[in-house]
Student: 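Provided herewith is a single structure, encoded as structure tokens, for subsequent inquiry.
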Amino acid sequence: MKMSQLLVPTLREDPAEAEIVSHRLLLRAGFIRKVAAGIYTYLPLGLKVLHKVENVIREEMNRAGAQEIFMPVLLPAELWKETNRWDQYGKELFRIADRHERQFCLGPTHEEVITDIVRSSIHSYRNLPVTLYQIQTKFRDEIRPRFGLMRGREFMMKDAYSFHASAEDLDREYKNMHAAYCRIFDRLGLKYQVIKADSGLIGGEFSEEFNVIADAGENELPDGKRGIEVGHIFKLGTKYSESMKCVYLDENNVEKPMTMGCYGIGVGRTAQAAIEQNHDANGIIWPVPLAPFQAAIIPVNTTLPEQMATSDQLYKAGQAIGLDMLLDDREQRVGVKLKDIDLIGIPVKVIIGKALAEGNVELKLRRTGETKLVPVAAAIKELQGLLG
RNA sequence: CGGGGCGUAGCUUAGCUUGGUAGAGCGCUUGGUUCGGGACCAAGAGGUCGGAGGUUCAAAUCCUCUCGCCCCGACCA
């Protein structure tokens, strides 16, 4: 992508509306824009990062044997009345009526819908267990939306649900999901802690939270550290299957309620938590798996044809082997470009400048500032090595 | 919802106490000089001061109401 064509409205100064560093940087670096309290537009860079998180989640969920589906956001009140949550959920539930005055809500979570699907499509122990998930926008009328994507009223969430013929099998899948969650957060390069938690309105017997360790976190972790809850996994038991009659026949032809688990990850919150853990005075320092671009090619002087030609050559060579790079072709002084690229957190800068006279370009790491001169011909291979 | 704070140009803001009809920096446009970490000079564009009502000869400024946003608390990915 050419920087000159990309919508990245970076700001020179910190926006007054943001308090915590990750929120400030998301706004300042042009990743998101607020539409209303707790409601944001993801600009091109923000959406790219969101997709990176989603894809890691998707890969690990699929690897763990879960199947992706996509449920509606708009949900009929009837389903929610079956479990009594139409009344219990309270003001946090966005409620609307259609033209016939039928009641609906915007889904804050999907236990009712998934249970409805499974009860109508699975009737035998032979078809259990099954784990289904979706990655979708959720709506919760939070008491106090805050901190950008950290606590929004509309936000992206991966929610998975598992159905079992026994508590033992739920235990097995719960561990399986736990392991998948560890792989996800490991792959994203985050430092996190798993703690036992309250099940809240979701209900159930047992749950654990995955907390990304950060000062800005809303949760107090056992060792005094603060954490941002990015994931929560629950053993639900039969709470929903009993109230909604989601049953199966076992091998003795006896009807039993399915045993359930559910597993959530806040996608935007995870991305923002990553910023809390990875930033410095100059801006964001994305872990490579989350970075909107893996590297940025920066010609120091756009008026010099040889610098532009080399930049273009490296850009194309990178594309050819599947690197996702940003070419900062803007007619700006280097300082402006370097500041912007640092602010948005690109892991590696490929600087095409005076070293070109000796046939070299400069590779500079965002995290350490470490710089390396390499011959043009070796630059892409070297870059690949740096990106791991 | 309780407590605190803030709404002035795209962004950051001065002015408000002590009413006299809006100013700066950054960004943007044009021209020129620059060119390795947010350049410089010159000339410009851009504001019904969140909204409504009131007081007054006169309101960004005072009063009333209202809307929005941020922070702390009770709830959640």
Student: B/A39, B/G25, B/C70: which one has an atom nearest the side-chain heavy atoms of A/Arg333?
Tutor: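 Within the option list, the nearest is B/A39.
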
Student: Look at the side chain of A/Arg146 and decide which nucleotide, out of B/G38, B/C72, B/C69, has an atom nearest to it.
Tutor: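 The answer is B/C72, which lies nearest to the side chain.
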
Student: Counting any heavy atom closer than 4.0 Å, what does A/Gly266 reach on the DNA or RNA strands: base, sugar-phosphate only, or nothing?
Tutor: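 Since a base atom lies under 4.0 Å of A/Gly266, the category is base.
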
Student: On a whole-Å scale, what distance lies between the P atoms belonging to B/G44 and B/C63?
Tutor: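 My reading of the P atoms in B/G44 and B/C63 gives 39 Å.
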
Student: Under 4.0 Å between a side-chain N or O of A/Arg28 and OP1 or OP2 of B/C11?
Tutor: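 No, A/Arg28 has no side-chain N/O under 4.0 Å of OP1/OP2 on B/C11.
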
Student: Watson-Crick or G-U wobble partner for B/G25, using a 3.5 Å limit on both distances?
Tutor: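 Across all strands, the one nucleotide that pairs with B/G25 is B/C11.
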
Student: If B/C6 has a Watson-Crick or G-U wobble mate with both distances under 3.5 Å, name it; if not, just say none.
Tutor: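 Base partner found: B/G68.
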
Student: Tell me what A/Glu362 touches on the nucleic acid: a base, only sugar-phosphate, or nothing, going by heavy atoms under 4.0 Å.
Tutor: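 Base, at least one base atom sits under 4.0 Å.
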
Student: Would you mind classifying the nucleic acid contact of A/Asp141 as base, sugar-phosphate or nothing, using non-hydrogen atoms under 4.0 angstrom?
Tutor: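 It contacts nothing in the nucleic acid.
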
Student: Please state the P separation for the pair B/C49 and B/G10 - nearest whole angstrom.
Tutor: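 It works out to 13 Å between them.
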
Student: Between A/Arg144 and B/C72, is there a side-chain N or O to OP1/OP2 distance below 4.0 Å?
Tutor: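 Yes, such a contact exists.
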
Student: Are A/Met1 and A/Ile341 grouped together when hydrophobic residues (ILVMFWY) are joined by side-chain heavy atoms under 4.5 angstrom apart?
Tutor: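 Same hydrophobic cluster.
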
Student: Of the listed nucleotides (B/C70, B/C35, B/A77), which one gets closest to any side-chain atom of A/Glu17?
Tutor: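 Selected nucleotide (nearest to the side chain): B/C70.
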
Student: With a 4.0 Å limit, can you tell me whether A/Arg24 has a side-chain N or O closer than that to the phosphate oxygens OP1/OP2 of B/U12?
Tutor: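 So the side chain of A/Arg24 is outside the cut-off, no N or O lying under 4.0 Å from OP1 or OP2 of B/U12.
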
Student: Between B/A9 and B/G23, how far is it from one P atom to the other, in whole Å?
Tutor: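 My reading of the P atoms in B/A9 and B/G23 gives 14 Å.
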
Student: Please report the C-alpha distance between A/Trp80 and A/Tyr240 in whole Å, then the side-chain angles of each, then the deciding distance to 0.1 Å, and finally whether the ring-ring contact (aromatic ring centres under 6.0 Å, His included) criterion is met.
Tutor: CA-CA 11 Å; A/Trp80 285 73; A/Tyr240 294 92; 8.9 Å; no

Student: When you measure from the side chain of A/Pro15, which nucleotide among B/A77, B/G36, B/U12 comes out closest?
Tutor: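 Shortest atom-to-atom distance from the side chain points to B/U12.
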
Student: Less than 4.5 Å apart, side chain to side chain, heavy atoms only: is that true for A/Val212 and A/Glu229?
Tutor: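 Sidechains of A/Glu229 and A/Val212: no contact.
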
Student: Is there a Watson-Crick or G-U wobble partner for B/A60 with both distances under 3.5 Å, and if so, which one is it?
Tutor: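 Matched B/A60 with nothing under the 3.5 Å cut-off.
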
Student: Side chain of A/Asp340 only, please: which of B/G38, B/U12, B/C76 is the nearest?
Tutor: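 Looking only at side-chain atoms, A/Asp340 lies closest to B/G38.
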
Student: Taking atom C1' in both B/G51 and B/U8, what distance in whole Å separates the two?
Tutor: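 Approximately 14 Å lies between the C1' atom of B/G51 and that of B/U8.
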
Student: Suppose you measure atom P in B/U30 against the same atom in B/U66; what distance do you get, rounded to whole Å?
Tutor: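 Rounded to whole Å, the distance is 47 Å.
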
Student: For a quick check, tell me whether the side chain of A/Gln332 and the base of B/G38 share a donor-acceptor pair closer than 3.5 Å.
Tutor: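 Side chain to base: no pair below 3.5 Å.
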
Student: Calculate the interatomic distance between A/Ile143 atom CD1 and B/A77 atom P; express it in whole Å.
Tutor: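 My rounded result for the distance is 13 Å.
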
Student: What contact category does A/Lys349 fall into here, base, sugar-phosphate, or nothing, at under 4.0 angstrom with non-hydrogen atoms?
Tutor: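 A/Lys349: base contact, heavy atoms under 4.0 Å.
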
Student: Between B/C35, B/C75, B/G36, spot the one nearest the side chain of A/Val334, thanks.
Tutor: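 My answer, after comparing the listed nucleotides, is B/G36.
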
Student: When you compare B/A59 with B/A43, how far apart are their C1' atoms, in angstrom units rounded to a whole number?
Tutor: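 Going atom to atom, C1' in each nucleotide, I get 34 Å.
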
Student: At less than 3.5 Å, do the side-chain atoms of A/Arg12 and the base atoms of B/C11 form a donor-acceptor pair?
Tutor: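 It does not, because no donor-acceptor pair links the side chain of A/Arg12 to the base of B/C11 below 3.5 Å.
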
Student: If you go through the side-chain atoms of A/Arg269, does one of them form a donor-acceptor pair with the base of B/C76 closer than 3.5 Å?
Tutor: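 Side chain to base: pair found, below 3.5 Å.
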
Student: By nearest atom, which of the nucleotides B/C71, B/G38, B/U12 is closest to the A/Val336 side chain?
Tutor: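 Minimum distance to the A/Val336 side chain belongs to B/G38.
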
Student: Would you please indicate if the ring centroids of A/His178 and A/Phe210 are separated by under 6.0 Å?
Tutor: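 Ring centroids of A/His178 and A/Phe210 are less than 6.0 Å from each other.
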
Student: Per the atom types in the model, does the base of B/G37 pair as donor or acceptor with the side chain of A/Asp342 at under 3.5 Å?
Tutor: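 In this structure, the two groups form a donor-acceptor pair.
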
Student: May I ask you to establish whether A/Lys235 and A/Phe206 are in a cation-pi arrangement, using a distance under 6.0 Å from NZ or CZ to the six-membered ring centre and at most 45° from the ring axis?
Tutor: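 Positive - A/Lys235 is close enough to the ring of A/Phe206 and near enough to its axis.
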
Student: Are the side chain of A/Asp342 and the backbone N or O of A/Asn282 linked by a donor-acceptor pair below 3.5 Å?
Tutor: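 No.
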
Student: Between B/C11 and B/G50, how far is it from one P atom to the other, in whole Å?
Tutor: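 Each nucleotide's P atom is 13 Å from the other's.
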
Student: Let's see if you can work this out: which of B/U12, B/G37, B/G36 has an atom nearest to the side-chain heavy atoms of A/Val300?
Tutor: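 Of the candidates, B/G36 comes closest.
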
Student: For A/Met156 and A/Asn282, take the nucleotide of RNA chain B holding the closest heavy atom to each; which residue's nucleotide lies nearer the 5' end?
Tutor: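 The residue closer to the strand's 5' end, by nearest nucleotide, is A/Asn282.
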
Student: What does B/C40 pair with, Watson-Crick or G-U, if both distances are under 3.5 Å?
Tutor: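 Partner of B/C40: B/G32.
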
Student: When you measure from the side chain of A/Lys34, which nucleotide among B/G37, B/C69, B/C76 comes out closest?
Tutor: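 So the side chain of A/Lys34 is nearest to B/C69.
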
Student: Can A/Arg95 be said to sit on top of A/Trp86's aromatic six-ring, NZ or CZ under 6.0 Å from centre and within 45° of the ring axis?
Tutor: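 So A/Arg95 does make the cation-pi contact.
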
Student: Rounded to the nearest Å, what distance is computed from the CZ atom of residue A/Arg153 to the P atom of nucleotide B/C69?
Tutor: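 Those two atoms, CZ and P, are 7 Å apart.
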
Student: Can you tell me the Watson-Crick or wobble partner of B/G73, both distances under 3.5 angstrom?
Tutor: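 Because both required distances fall under 3.5 Å, B/G73 counts as paired with B/C1.
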
